[in-house]
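First comes the structure, then the notes that go with it.
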Amino acid sequence: MNIENFISEVVCRSIEVLYGATNVPLQIQKTRKEFDGDYTLVVFPLLKLSRKSPEATAQEIGEYITANTPQVKAFNVIKGFLNLSLDSVFWGERFGEIVANENFGQAASTGRTVMIEYSSPNTNKPLHLGHVRNNLLGYSVAQILKANGNHVIKANLVNDRGIHICKSMLAWKLYGAGETPESSGLKGDHLVGKYYVEFDKHYKVQIKELMAQGQSEDEAKKNAPIILEAQAMLRKWEAKDPEIYALWQMMNGWVYAGFDVTYKALGVDFDKIYYESQTYLLGKSLVEIGLQKGVFYRRDDQSVWIDLTADGLDEKLLLRGDGTSVYMTQDLGTAFRRFEDNRLDDMIYVVGNEQNYHFQVLKLILKKLGYNWSDHITHLSYGMVELPEGKMKSREGTVVDADDLIADMISTAREMSEELGKLDDCTEEQAHAVSAMVGMGALKYFILKVDPKKTMLFDPRESIDFNGNTGPFIQYTHARICSILRKAQETGIDFSGAVVADYLPEEIELIKSLCDYPSVVAAAAESFSPSLVGAYTYELAKLFNGYYHDHSILREEDVAVRQMRLQLAQQVARIICSSMLLLGIEVPERM
RNA sequence: GGUUCCGUAGCUCAGUUGGAUAGAGCAACUGCCUUCUAAGCAGUAGGUCACGCGUUCGAACCGCGUCGGAAUCACCA
């Protein structure tokens, strides 16, 4: 049963009886922990109906409810707040429901299909910390939406064509001497990235030379032979020149192999991969439609534009004078095709906040074209990741490489675990598995616990901390519970058929916390924020840990109490596990 | 300059739709390992929620303004 609905029904009925009013909007919230009670009714909005003081109104409603609802055992009034306390039997029943419900926390199907696009890498360089935030966010939000009963399609739009990849290709052709991932021992994406940097080096030298010959910086940038050659390469690619095409396929293949490794390490995956090389021509037909409808207009040079100044935005180009498309054209086309092909109810783009304007324009254009599904497009915008030294800049070599970071996290977790003697009786395989879970858990939790839209600071020293509000703390709590359950099983203590009777206060708190899980998942989906899930899980783990230190479970002599505690521990572990899975974090059974 | 976003403890961050005495962690300080895992627990200290005005029973949250920071406003993607 849904506890919040139950409470609001109870309150509704009391108001109907006392004041004869129906459909009154109610303000019911969880009681803050400094006060007695479980749910709190804010009575200020009801004073017009009762025509009494806040205290008297709350008193009156409280008396009616306790007299007529067996599940509500007590109430207290503080100023305009009516705190209701539910009976321990009531909580016992809820706990029974959790134990019995294998899919607790998994909402019934909504029948909605949601596509979420994330990652969207360029194929000219390896993934870095910014991509890590993107991937973790996208994957986690997908998990959360699934838990809320949506059919979710995880999509990746790979930016596999364009001048950037031609730069790597050209540099490899000129200076690569046939180097391959095998011959160099480099991961494919890193190898291609190396030549992207190589291109830039030569490009800069040529610019300097041209400037020394008297050209302005802008001229030099346009006239440097190497950039002209790269542009020529792009034209050849578009003409499907066999040699260039083969080179392009080979180098992209290296990159994909490299990305696969990184994605796997991050624990993210996709249901559908789109390649820009196959979609970049989309959208032109929409431009035609827009022209016919008079939404767009053509300039003398044949380029197509939309005027959004009436909406407080600028004019936006949609098709170049030579008829080729731009980013916006493609995005219009892919959005259209996705909604049509998949009968999507919602489309979510996980893209950095530097593209806020782009998506604002995208939605507005689709709307003006008459596509109402435009309202179902969400740009899940996230902030930059900054380092203690300032911003990451690829040109200045201050980027944090994703693969390096992952390796670092895992090896630090390994060292830490060894230092604490946690891996003493483990096989090498187990030791690695645990280190990977803990290292990645720390990284994922550290990134996901901050509100996506905020710029976040990534301090490597802090991210690698395993104490306090961190992924490893939650994993640790889970491992301890598993340890208790293992010991119980080994010593033959039965806890399968425990009867729920009376509870200690701490245990009621734990049950209440477990009951919150579904509404946390729902709230997280509403606001696309994994951080809510993280905060909840941390609280739950902390609550259990606090309780667990003051009470013995296995040595409790009262059999019924012991069974009950074991079952409770089991359920806490279960919720921790499913909750962490929403963040894409695996939970070890020992660590 | 226009648009959007951000500003909460020394540091990193929470704070569901406006609700009660604004919360964690890190760093600092005090205690606690002979018991199911001390990656832990219990505690102390730390705040003009950037600032001002307004809306109301009530504002970190809503509105207007000011200050500070970020992103963006390309025939790049």
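In what follows, every chain begins at residue 1, and chains take the letters A, B, ... in the order their sequences are listed.
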Using a cut-off of less than 4.0 Å, is there contact between a side-chain N or O of [X] and OP1 or OP2 of [N]?
{"X": "A:K221", "N": "B:C76", "value": "no"}
{"X": "A:K487", "N": "B:U37", "value": "yes"}
{"X": "A:R562", "N": "B:C36", "value": "no"}
{"X": "A:K449", "N": "B:U12", "value": "no"}

Does A:R590 have more than 12 heavy atoms from other residues, nucleotides or ligands lying within 6.0 Å of its CZ?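 Incorrect, the count does not exceed 12.
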Does a sphere of radius 6.0 Å around CG in A:D36 hold more than 12 heavy atoms from other residues, nucleotides or ligands, not counting ones at 6.0 Å or beyond?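 No, the 6.0 Å shell around CG holds no more than 12 heavy atoms from other groups.
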Residue whose nearest RNA chain B nucleotide is more 5′ - A:E354 or A:S325: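 In this pair, the answer is A:E354.
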Between A:I163 and A:I78, which has a closest nucleotide on RNA chain B that is more 5'?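 The residue whose closest nucleotide sits nearer the 5' end is A:I78.
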Taking RNA chain B as the partner, which of [range] come within under 4.0 angstrom of it by heavy atom?
{"range": "residues 296-307 of chain A", "answer": "A:D301, A:S303, A:W305"}
{"range": "residues 35-43 of chain A", "answer": "A:F35, A:T40, A:V42"}
{"range": "residues 457-471 of chain A", "answer": "A:L457, A:E462, A:D465, A:F466, A:N467, A:G468, A:N469"}

If you look at every heavy atom in [X] and [Y], which pair is closest and at what distance?
{"X": "A:M456", "Y": "A:V450", "result": "CB-CG2, 3.8 Å"}
{"X": "A:V520", "Y": "A:V533", "result": "CG1-CA, 4.1 Å"}
{"X": "A:N156", "Y": "A:S119", "result": "OD1-CB, 3.8 Å"}
{"X": "A:Y196", "Y": "A:K167", "result": "CE1-CD, 3.8 Å"}
{"X": "A:A488", "Y": "A:L554", "result": "CB-CD2, 3.7 Å"}
{"X": "A:F466", "Y": "A:P472", "result": "CD2-CG, 3.4 Å"}

Quick one: which of B:G19, B:G23, B:U4 gets closest to the side chain of A:P45?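 Closest of the options to the side chain of A:P45: B:G19.
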Tell me, please, which residues at least two apart from A:D465 pass side-chain contact (heavy atoms from CB on, under 4.5 Å).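 Only A:N467 meet the side-chain contact (heavy atoms from CB on, under 4.5 Å) criterion with A:D465.
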Using the side chain to side chain contact (heavy atoms under 4.5 Å, CB included) rule, pick out the option among A:V361, A:L362, A:L282 that qualifies with A:L332.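 Testing each of A:V361, A:L362, A:L282 against A:L332, the sole residue satisfying side chain to side chain contact (heavy atoms under 4.5 Å, CB included) is A:L362.
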Check the orientation of A:F446 and A:F458. Use parallel for under 30°, tilted for 30 to 60°, and perpendicular for over 60°.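 Correct class here is perpendicular.
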Checking A:Y357 against A:L313 for the side-chain contact (heavy atoms from CB on, under 4.5 Å) test, could you report, in this order, the C-alpha distance in whole Å, the side-chain angles of both residues, the deciding distance, and whether it holds? CA-CA 9 Å; A:Y357 181 74; A:L313 303 171; 3.7 Å; yes
Please report the distance, rounded to the nearest Å, between NZ in A:K454 and P in B:C49.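 The answer, rounded to whole Å, is 16 Å.
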With a non-hydrogen cut-off below 4.0 angstrom, is [X] in contact with a base, only sugar-phosphate, or nothing?
{"X": "A:Q475", "result": "nothing"}
{"X": "A:F446", "result": "nothing"}
{"X": "A:R486", "result": "nothing"}

For RNA chain B, produce a single dot-bracket line, 5' to 3'. Pairs: Watson-Crick or G-U wobble, both distances under 3.5 Å. Symbols: ( ) within strand, [ ] crossing, | other strand, . unpaired. (((((((..((((.....[...)))).(((((.......))))).....(((((..]....))))))))))))....
Mind checking what makes side-chain hydrogen bond (donor to acceptor under 3.5 Å, both in side chains) contact with A:S168, not counting sequence neighbours?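 With sequence neighbours excluded, A:S168 shows a side-chain hydrogen bond (donor to acceptor under 3.5 Å, both in side chains) to no residue whatsoever.
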